[in-house]
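Atoms within each ligand, like the ligands themselves, are counted from 1 in listed order. None of the values given here were measured: they were computed from a predicted structure. All values below were derived from every heavy atom in this structure, side-chain atoms included, with hydrogens, water molecules and symmetry-related copies excluded.
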Amino acid sequence: MAALLFSVVALFLWHQPSTVAGRCGLTDQGSTLQVLHVNSPCSPFRPKTLSWENSVLQMQADDKTRLQYLSSLVAGRSIVPIASGRAVTQNPTYIVRLNIGTPSQQLLVALDTSNDAAWIPCTGCIGCSSSTFDPAKSSTFKPLRCGSPQCSQVPNSRCGGPSCEFNTTYGSSTISAGLVQDNITLATDSVGGYTFGCVQKTSGSSFPAQGLLGLGRGPLSLMSQSTSLYQSTFSYCLPGYNSTNFAGSLRLGPHSQPKRIKTTQLLRNPRRSSLYYVDLVAIRVGARIVDIPPSAFAFDPNTGAGTVFDSGTVFTILVKPAYVAVRDELRRRMRGAAVSSLGGFDTCYNVAISVPTITFMFSGMNVTLPQDNFLIRSSAGSTSCLAMAAAPEGSVNSALNVIASFQQQNHRILIDGPNSKLGVAREACT
Ligand SMILES: *[C@@H]1O[C@H](CO)[C@@H](O)[C@H](O)[C@H]1NC(C)=O
Ligand SMILES: *[C@@H]1O[C@H](CO)[C@@H](O)[C@H](O)[C@H]1NC(C)=O
Ligand SMILES: *[C@@H]1O[C@H](CO)[C@@H](O)[C@H](O)[C@H]1NC(C)=O
Ligand SMILES: *[C@@H]1O[C@H](CO)[C@@H](O)[C@H](O)[C@H]1NC(C)=O
């Protein structure tokens with residue numbers, strides 16, 4: 001197993017510094033932000049010592065914590081942290097530049113489409129990274145009073161003197177923050193009086209040390225706070241894992257969005273208001289629709305069951321009967337070739353995979369994925385694994401399907417808030 005060298009990280013390490021400098025200097029323009037993989041050569045958060053194989057295993061371990069987090073978003077449920085026993089790196093895998101305050105201070109923050117609020121590490125924060133936002137240096141900064149309406153929108157809020165403070169969990173991390181406002185700039189757009197959490201203390205391993213920008217659907221999300229500017233519309237394209245370019249994009253607002261794009265209806269779950277639920281109805285492996293009971297996909301606002309798009313989970317998670325049906329069909333098509341496993345991946349081969357595509361069939365939209373979106377390949381090219389996993393059984397997480405970032409890479413994902421639609425189109429954004 002130690003001989004499996006996965007291309008995911010291989011290319012990060014082989015990248016040539018000369019081309020990096022030029023790319024990393026690219027500036028964000030208009031309403032479009034560059035999106036970088038957290039391990040990209042341009043990223044200061046790139047882990048330095050992880051072996052390739054360990055990096056894959058790490059991403060799987062992070063996914064477990066992530067699923068726990070997504071499940072915790074059912075209002076009022078408190079979560080039990082998962083002890084992984086190892087140092088865990090970042091959970092969200094993509095980062096963008098965010099400018100905060102006057103004059104503006106630039107931070108590279110993690111993108112999270114399943115979290116509402118932005119949580120920014122502030123000066124003096126215990127457990128954050130060294131790059132923090134210094135409120136004292138911003139003339140437009142102000143803490144929110146504890147009686148402010150926003151204060152009732154954050155979990156476990158209380159008055160810390162006159163200002164609003166709150167504690168929350170994020171995966172296995174706990175966060176203590178003050179609720180504050182300042183002007184922010186995204187690419188060249190300004191959003192005045194943006195409300196976010198100024199993080200004072202964090203512990204545990206899930207919270208990205210550099211902070212995060214929430215693109216979820218709830219009241220404190222960037223989209224909800226900038227409706228006049230962006231009309232609850234954005235799209236993103238996540239760069240491929242084996243790309244050497246690493247620059248995807250986040251486009252904010254209705255302008256310059258793809259006109260012709262397949263869409264499916266977004267579903268709203270009042271108990272998990274941040275999440276982008278969709279109606280997954282079937283899965284095709286090659287040309288065959290596999291046999292999955294409809295209950296595996298059923299949307300249930302009370303339990304949180306259903307299917308979500310999430311950019312913070314790396315590998316798609318399917319509820320057990322759906323995963324087993326997909327996996328068994330792929331194995332059947334391999335006609336008895338020797339199957340092996342790697343960590344949580346139970347379907348790996350040392351020969352070419354004979355399934356050319358897997359199609360997620362949503363209500364009104366089929367998304368056909370090429371092999372690059374469902375096989376993770378070793379750098380030597382000799383081993384390929386089905387890059388999906390089964391949801392753990394018998395837990396609160398067992399009913400949630402998550403369409404994750406590996407499956408989204410090199411696709412443009414459009415969130416059209418006013419029409420409550422999610423669109424998907426192939427796009428080589430590497
Ligand atoms: C948040 O947690 C800290 C300990 O980290 C504790 O001192 C504080 O009272 C908590 N605040 C709230 C609002 O629960
Ligand atoms: C900050 O935002 C407020 C509220 O939108 C606005 O009135 C003010 O002009 C902005 N200040 C700067 C320096 O951009
Ligand atoms: C990844 O590499 C394979 C060849 O190993 C290539 O065919 C494919 O286009 C690459 N995918 C991306 C997203 O760059
Ligand atoms: C999706 O593909 C199936 C065939 O597998 C087809 O019957 C259906 O009409 C397609 N749906 C859309 C929206 O194109």
Side-chain angles (χ1 to χ4, degrees), residues 28 30-31 97-107 118 120 133-145 148-150 179-196 198 213 219-231 252-253 258-267 278-294 296-297 299 307 309 318 322 325-326 329-330 333 355-370 373-374 401 403 407 411-414 416 419-426:
D28 299 325
S31 304
R97 294 187 189 90
L98 175 66
N99 295 289
I100 314 175
T102 312
S104 73
Q105 302 172 36
Q106 187 173 85
L107 294 182
I120 305 299
F133 167 66
D134 187 352
K137 294 196 176 124
S138 171
S139 62
T140 41
F141 175 87
K142 66 170 194 194
L144 283 170
R145 284 180 307 106
S148 65
Q150 292 95 330
L179 196 64
V180 303
Q181 271 188 345
D182 205 337
N183 296 10
I184 61 167
T185 308
L186 296 152
T188 50
D189 297 334
S190 294
V191 178
Y194 179 66
T195 300
F196 61 93
C198 187
L213 181 64
L220 277 183
S221 75
L222 173 64
M223 285 301 122
S224 306
Q225 291 193 54
S226 62
T227 38
S228 58
L229 187 60
Y230 297 133
Q231 291 150 48
L252 300 163
K259 295 284 173 287
R260 266 181 289 174
I261 187 168
K262 288 182 284 191
T263 61
T264 189
Q265 200 66 35
L266 280 170
L267 308 176
V278 289
D279 186 18
L280 179 62
V281 289
I283 301 177
R284 217 163 57 200
V285 175
R288 175 191 274 210
I289 297 175
V290 294
D291 194 12
I292 299 170
F297 299 130
F299 174 61
T307 304
F309 267 74
L318 298 174
V326 168
E329 175 62 13
L330 190 135
R333 294 270 300 257
V355 172
T357 59
I358 289 182
T359 304
F360 288 120
M361 302 167 70
F362 301 96
S363 154
M365 171 178 85
N366 291 339
V367 175
T368 295
L369 301 177
N373 286 107
F374 66 87
N401 299 288
I403 309 295
Q407 277 64 40
H411 287 77
R412 183 154 295 278
I413 311 297
L414 171 70
D416 175 353
N419 297 307
S420 204
K421 297 215 166 244
L422 181 146
V424 180
R426 288 284 284 282

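Evaluation of the ring pair (Phe, Tyr, Trp, His ring centres under 6.0 Å) rule for Phe299 yields Tyr277 as partners, not counting sequence neighbours. Residues that satisfy the ring pair (Phe, Tyr, Trp, His ring centres under 6.0 Å) test with Phe362, not counting sequence neighbours, are Phe309. By the salt bridge (Lys or Arg N to Asp or Glu O under 4.0 Å) test, Asp134 is found to be paired with Lys137, residues two or more places apart in sequence or in another chain being considered.
At distances below 3.5 Å, not a single donor-acceptor pair connects side-chain atoms of Gln106 with backbone N or O atoms of Arg97.
Put simply, the side chain of Leu213 does not reach to within 4.5 Å of the side chain of Phe196, judged on heavy atoms.
Within ligand 2, counting atoms from 1 as listed, the ones closer than 4.0 Å to a heavy atom of Thr102 are 13 (C).
We find the CD-CG distance between Gln231 and Asp416 to be 10.0 Å, quoted to the nearest 0.5 Å.
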For ligand 4, find each of its N or O atoms that sits under 3.5 Å from a protein N or O atom, and tabulate the pairs with distances to one decimal place.
residue: ligand 4; atom: 2 (O); partner: Arg284; partner atom: NH1; Å: 3.1
residue: ligand 4; atom: 2 (O); partner: Asn366; partner atom: ND2; Å: 2.3
residue: ligand 4; atom: 5 (O); partner: Arg284; partner atom: NH1; Å: 2.5
residue: ligand 4; atom: 11 (N); partner: Asn366; partner atom: ND2; Å: 3.0

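At under 3.5 Å, a nitrogen or oxygen of Asn183, whether backbone or side chain, sits near a nitrogen or oxygen of ligand 2.
Counting only N and O atoms by type, the side chains of Asn183 and Thr102 include no donor and acceptor under 3.5 Å apart.
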